[in-house]
Amino acid sequence: MELARTVAIYGSTGSIGTQALDVIRSERHRLRPTVLVASDSVELLASQAVEFKPDAVGIVNSKKARELRSLVDSSIEIAVGDEIFDLVDRAEVVLNGVVGFAGLRVTLAAVSKHRVLALANKESLIAAGEIVNLALSESTAQILPVDSEHSAIFQCLEGRNWVPAETRLILTASGGPFLSSTSDELDNANLEMALNHPTWSMGPKITVDSSTLVNKGLEVIEAHFLFDVDYSAIDVVIHPQSIVHSMVEFSDGSTIAQLSKPDMRLAISRALLYPDRAKAPYGAMGWPTETKLEFFRPDLRNFPALGLAIDAGILGGGAPCWFNAANEVVVSHFLLGEFSWRTISNLLGISMERYDGSKPTSIEEVYYLDESARRVTEAVVRGFV
C-alpha cells in the first residue's frame with residue numbers, strides 16, 4: 001500500500017489552511033499533515049493538532065508558545081518564531097497559505113529545500129518573482145498554483161508551467177460586490193459593502209482586493225512569473241458567475257477553459273494530490289445545467305486599481321513589490337474604517353508616484369524596498385486621514 005503524501009501547511013488556521021484540512025479529512029489515505037503552522041491563533045491550531053496529530057506545530061508569535069505547549073500532546077514538537085521555516089524539511093509538499101508579504105520566507109524556504117510548493121501566497125511572486133524564479137532554477141522544487149485562476153490555467157495547459165508560443169491567458173474575475181454599481185454609488189461605497197462578496201467566501205483582505213480588482217492585477221503579475229508569459233499575452237475578463245475560472249487561447253484559435261462551481265478545495269486538492277485528483281467532487285457542476293455564462297471587459301475608470309497593478313507589473317523591477325506593500329498598508333487602514341472605498345485606489349496611485357525606481361537583486365533588497373514602500377505609504381495615508 002502506498003504511503004500517504006506528507007504535507008506542511010503554513011497558515012493552517014486561515015481560509016486556505018482550514019479548507020486544505022477539509023480536503024485532507026476526505027483523503028486521509030493519501031495525505032497526512034505532518035506540520036501545521038499559524039501566526040497566533042493558538043486555540044484553533046491546538047484543536048487541529050489534536051485532530052490530525054502532526055509531527056510538529058509552529059507558532060509565529062513567541063508569546064503564545066507556552067499556551068500552545070499546554071494545549072497539545074507532549075509528543076508533538078513545537079517551533080516558535082523563525083524556527084518554523086526549518087519545518088519545511090518535515091513534508092514532501094509545502095502549502096503556503098500565509099496571507100501577504102509575510103509568505104515570501106515560506107516560499108523561499110520550500111524552494112531551497114527542494115520541496116513541492118503548493119502556492120496560495122501570490123505576494124511571493126509579486127514582490128520577488130525574479131528572485132524566486134532564479135532560486136527555482138537552481139532547485140528541484142516545483143511550484144503548483146493554488147489560486148483558482150492559476151490552477152485553472154495549469155489544468156488547461158495539461159500540467160505545464162510554461163506557455164506555448166502565441167498562446168493567450170485569460171484570467172476571469174467575478175467583478176466583486178460592486179460589479180453593477182454606478183459611479184455615484186461607488187462614491188458612497190464603504191467597508192461593509194466591500195466585504196459582501198457575491199460568490200466567494202474569503203478573508204477580509206483578499207475580499208477587499210476583489211472589490212477593487214487589485215487581486216486580479218496581482219494575479220496578472222503572478223501569471224507572468226508562474227507561466228513565463230509576457231504581459232501582452234495576458235487578458236482579464238469579468239465573469240460574474242465565477243464558473244469559468246480562467247481560460248487559455250491557443251494559436252489555432254481554440255480556447256480551453258476550466259469550469260466548476262466556486263470551491264477553493266478543488267484548486268487546493270489539485271495541488272496537494274497532483275498529478276492525481278481528489279475523490280470528492282468539489283465544485284461539480286451537475287450537468288446538465290441552465291447556468292448562464294457572461295463575460296465583460298473590466299471597467300478601468302471605476303476600478304483604476306486594476307490598471308495600477310498591471311502597470312506596476314509591466315514596469316517591472318521593484319514596482320510590483322512597491323505596489324503590493326502599498327496595497328497591504330492601504331487596505332489595513334480601510335479595514336479599520338478610516339476612509340471610503342474610492343480612497344483606496346487614490347492612495348495607491350499617490351504611493352506609486354513615489355516609487356523610487358529601484359530594482360532589487362537580492363532578497364535583502366526586496367525586504368528593504370518593501371519596508372520603504374510601507375513607510376512611504378503610511379505617510380501618504382496619515383497625510384490624507
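Residues: numbered from 1 along the sequence shown.
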Chemist: Could you check whether Lys63 pairs with Asp40 (Lys NZ or Arg NE/NH1/NH2 to Asp/Glu carboxylate O, under 4.0 Å)?
Modeler: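 Here Lys63 does not pair with Asp40 in a salt bridge, since their nearest N and O are not under 4.0 Å apart.
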
Chemist: Salt bridge check, Asp89 against Arg115: does any charged N sit closer than 4.0 Å to a carboxylate O?
Modeler: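 Judged by the 4.0 Å cut-off on N to carboxylate O distance, Arg115 and Asp89 do form a salt bridge.
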
Chemist: Is Glu130 salt-bridged to Lys359, cutoff N-O under 4.0 Å?
Modeler: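 Between Lys359 and Glu130 there is no salt bridge, as every charged N stays at least 4.0 Å from the carboxylate O atoms.
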
Chemist: Quiz question: by atom type and distance under 3.5 Å, do the side chains of Ser340 and Thr343 form a donor-acceptor pair?
Modeler: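 Ser340 vs Thr343: donor-acceptor pair found between side chains.
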
Chemist: Taking atom CD1 of Ile9 and atom CG of Leu21, what is their separation to the nearest 0.5 Å?
Modeler: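 One finds 4.0 Å between CD1 of Ile9 and CG of Leu21.
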
Chemist: May I ask you to say whether Lys64 pairs ionically with Glu67, meaning some side-chain N is under 4.0 Å from a carboxylate O?
Modeler: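 Salt bridge: no.
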
Chemist: Is it true that Asp263 and Lys261 make a salt bridge, defined as a side-chain N closer than 4.0 Å to a carboxylate O?
Modeler: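 Between Lys261 and Asp263 there is no salt bridge, as every charged N stays at least 4.0 Å from the carboxylate O atoms.
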
Chemist: Under 3.5 Å, which donor-acceptor pairs link side chains of residues 302-321 to any protein atom two or more places apart or in another chain?
Modeler:
{"from": "Asn302", "atom 1": "OD1", "to": "Arg342", "atom 2": "NH2", "distance (Å)": "3.3"}
{"from": "Asn302", "atom 1": "ND2", "to": "Asp299", "atom 2": "OD2", "distance (Å)": "2.9"}

Chemist: Establish, from distance only, whether the side-chain atoms of His333 and Glu338 form a donor-acceptor pair under 3.5 Å.
Modeler: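 Side-chain D/A pair, His333 to Glu338: present.
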
Chemist: Can you find a side-chain donor-acceptor pair between Ser151 and Gln155 that sits under 3.5 Å?
Modeler: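 Ser151 vs Gln155: donor-acceptor pair found between side chains.
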
Chemist: Should Asp73 and Lys53 count as an ion pair when the cut-off is N to O under 4.0 Å?
Modeler: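 No salt bridge links Asp73 with Lys53.
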
Chemist: Under the rule for side-chain hydrogen bond (donor to acceptor under 3.5 Å, both in side chains), what residues qualify as partners of Ser139, not counting sequence neighbours?
Modeler: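 Result, side-chain hydrogen bond (donor to acceptor under 3.5 Å, both in side chains) vs Ser139: His114.
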
